[in-house]
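Starting off with a structure, shown below.
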2 protein chains.
Amino acid sequence: MSILIDETALSDAAAIFKVLSDPNRLRIFNILMDGDTCNCEMTDMLDIPANLLSHHLRVLRQAGLVSSRRDAVDGRWIYYSVNKAAIAHWHTWLKTFFDPERVKERNNLCGPEGGQTRMTTSIFITQEQ
Amino acid sequence: MSILIDETALSDAAAIFKVLSDPNRLRIFNILMDGDTCNCEMTDMLDIPANLLSHHLRVLRQAGLVSSRRDAVDGRWIYYSVNKAAIAHWHTWLKTFFDPERVKERNNLCGPEGGQTRMTTSIFITQEQ
DNA sequence: GTAATACTTCAATAGATGTTGAATAGTATG
DNA sequence: CATACTATTCAACATCTATTGAAGTATTAC
């Protein structure tokens with residue numbers, strides 16, 4: 001198993017998956033992947049009320065996927081953008097995690113088919129032949 | 001935007017993220033990525049009760065990520081494995097979706113900074129100078 | 001100052017879901 | 001047949017969360 005895939009990484013990945021598991025939130029994130037966008041523009045693109053949009057953006061921000069800044073001309077406007085470092089990290093991680101090359105045929109199955117059996121005490125032994 | 005990333009694909013991806021957003025379920029999936037495994041073996045590896053394991057495996061199966069078969073020698077045993085076609089599909093999709101190259105600087109921001117303003121009727125106009 | 005605009009936070013609710021324990025199904029053995 | 005073993009399904013619960021509407025914050029315009 002790759003060094004990238006340990007228990008901690010799995011836990012972190014589960015958290016990211018959870019953040020992106022909401023359809024609206026994933027649509028928001030997808031828009032941000034194509035460049036900076038202000039809240040108002042997304043309201044129009046997504047047909048989502050502003051307060052709900054804010055909620056989802058906060059979740060994305062707290063997950064480290066997104067950051068925000070105020071407009072330099074008119075401070076009432078706020079731009080959101082993806083965190084490039086985080087994107088690069090998850091791009092690499094997901095490429096490794098979902099690599100089809102990881103899926104190998106096992107030479108030793110855990111059950112009778114593989115010559116293994118199990119006692120009720122959860123101790124694996126080699127089946128006698 | 002890539003042809004791979006349309007509303008339908010986003011909806012499907014959100015569903016997959018949801019399936020993998022549970023820590024235990026992601027650990028199960030990760031084990032299966034390394035090869036076929038029976039229910040009993042995972043019970044030992046994960047310290048999860050058998051019925052809960054079955055529940056998570058069903059969710060993974062219904063999502064098309066995992067399939068199962070019975071042991072040829074002893075039909076009481078069941079092996080689980082990842083669906084290679086699904087893995088390949090999501091491997092490709094995620095590589096595209098999280099591609100850092102997607103994140104570009106926008107030449108036209110939607111707010112005042114980018115020379116844009118907005119009327120209360122949600123109609124975008126070019127700001128006069 | 002007041003008013004308007006862009007956005008966020010708060011409070012409440014309804015629906016979804018992970019977990020647990022008990023009951024059930026399917027298969028093998030004697 | 002009965003018994004044991006592997007795994008699934010059922011029922012109940014507790015927790016979490018997306019959504020909604022109202023109130024609040026920050027900034028700009030007049």
Side-chain angles (χ1 to χ4, degrees), chain A residues 14-15 17-28 37-44 46-63 66 68-80 109-113 116-124 127, chain B residues 14-15 17-29 37-44 46-63 66 68-80 109-114 116-124 127:
Chain A
F17 287 149
K18 189 172 190 177
V19 167
L20 298 178
S21 69
D22 179 78
N24 278 335
R25 205 148 56 215
L26 186 59
R27 293 169 70 208
I28 294 169
T37 313
C38 68
N39 204 332
C40 70
E41 192 177 36
M42 286 192 281
T43 299
D44 292 337
L46 298 168
D47 197 32
I48 291 176
N51 57 348
L52 181 55
L53 185 57
S54 275
H55 162 69
H56 286 311
L57 285 168
R58 180 169 59 172
V59 175
L60 288 167
R61 190 156 22 89
Q62 288 176 336
V66 159
S68 62
R69 68 178 181 87
R70 288 192 178 272
D71 186 290
V73 176
D74 187 337
R76 289 173 300 182
W77 300 59
I78 298 182
Y79 297 107
Y80 282 90
L109 287 175
C110 61
E113 211 174 288
Q116 301 284 333
T117 186
R118 188 170 78 144
M119 303 176 68
T120 52
T121 51
S122 293
I123 299 176
F124 284 81
Q127 192 176 33
Chain B
F17 287 148
K18 190 173 191 177
V19 167
L20 298 178
S21 69
D22 179 77
N24 279 334
R25 205 148 55 215
L26 186 59
R27 293 170 69 209
I28 294 169
F29 180 75
T37 313
C38 69
N39 204 332
C40 70
E41 191 176 37
M42 286 192 281
T43 300
D44 291 338
L46 298 167
D47 196 33
I48 291 176
N51 56 347
L52 181 55
L53 185 56
S54 276
H55 162 68
H56 286 312
L57 285 169
R58 181 169 60 173
V59 175
L60 289 167
R61 192 155 22 89
Q62 288 175 339
V66 159
S68 61
R69 68 176 180 87
R70 288 191 179 272
D71 186 289
V73 175
D74 187 336
R76 289 173 299 183
W77 300 60
I78 298 182
Y79 297 108
Y80 282 91
L109 286 176
C110 61
E113 213 174 284
Q116 301 283 332
T117 186
R118 189 170 78 143
M119 304 176 67
T120 51
T121 50
S122 293
I123 298 176
F124 284 82
Q127 191 176 35

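In this text the structure is predicted, and so the values were computed from the model without any measurement.
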* Are the side chain of A:Arg69 and the backbone N or O of A:Tyr79 linked by a donor-acceptor pair below 3.5 Å? -> no

* **Shortest side-chain distance from B:Trp77, nucleotide among D:dT20, D:dT28, D:dA7** => D:dA7

* Structure fact -> Rounded to whole Å, the NE2-P distance (B:His55 to D:dA12) equals 17 Å

* **Any N/O donor-acceptor pair, A:Asn51 side-chain to D:dG21 base, under 3.5 Å** => yes

* To do: Looking only at non-hydrogen atoms, find the nearest pair between A:Leu20 and A:Leu26 and report the distance.
  => O-CB, 3.6 Å

* **Spacing between A:Arg58 atom CZ and D:dT19 atom C1', to the nearest angstrom** => 14 Å

* Structure fact -> Rounding to 0.5 Å, atoms CG (A:Leu53) and CD1 (A:Ile48) come to a distance of 6.0 Å

* Supply the atom-to-atom distance B:Asp71 CG to B:Arg76 CZ, rounded to the nearest 0.5 angstrom. => 10.0 Å

* Structure fact -> B:Asp74 atom CG is separated from D:dA7 atom P, nearest whole Å, by 9 Å

* Take atom CG of B:Leu57 and atom P of C:dG18, then tell me their distance rounded to the nearest Å. => 13 Å

* **Between C1' of C:dT19 and CD1 of B:Ile48, the distance in whole Å** => 11 Å

* Asked: Just to confirm, is there a sub-4.0 Å distance from OP1 or OP2 of D:dA26 to any side-chain nitrogen or oxygen of A:Arg70?
  -> no

* Does C:dT19 have OP1 or OP2 sitting under 4.0 Å from an N or O in the side chain of B:His56? -> yes

* 5'-most by nearest nucleotide on DNA chain D - A:Asp22 or B:Ser68 -> B:Ser68

* Give the rounded distance in Å between these two atoms: CZ of A:Arg69 and P of C:dC7. => 13 Å

* In whole angstroms, how far is the C1' atom of D:dT20 from the CG atom of A:Leu53? -> 15 Å

* To do: Among D:dT8, C:dT8, C:dG18, find the nucleotide with the atom closest to the side chain of A:Tyr80.
  => C:dT8

* Asked: If you check every side-chain atom of A:Arg76, which of D:dA26, D:dT20, C:dT8 has the closest atom?
  -> D:dA26

* To do: Measure from CD1 on B:Ile78 to C1' on C:dA28 and round the result to the nearest Å.
  => 14 Å

* **Spatial distance of atom CD1 (A:Ile28) from atom CG (A:Leu52) [nearest 0.5 Å]** => 7.0 Å

* If only side-chain N and O atoms of B:Lys18 are considered, is one of them under 4.0 Å from the OP1 or OP2 phosphate oxygen of C:dA16? -> no

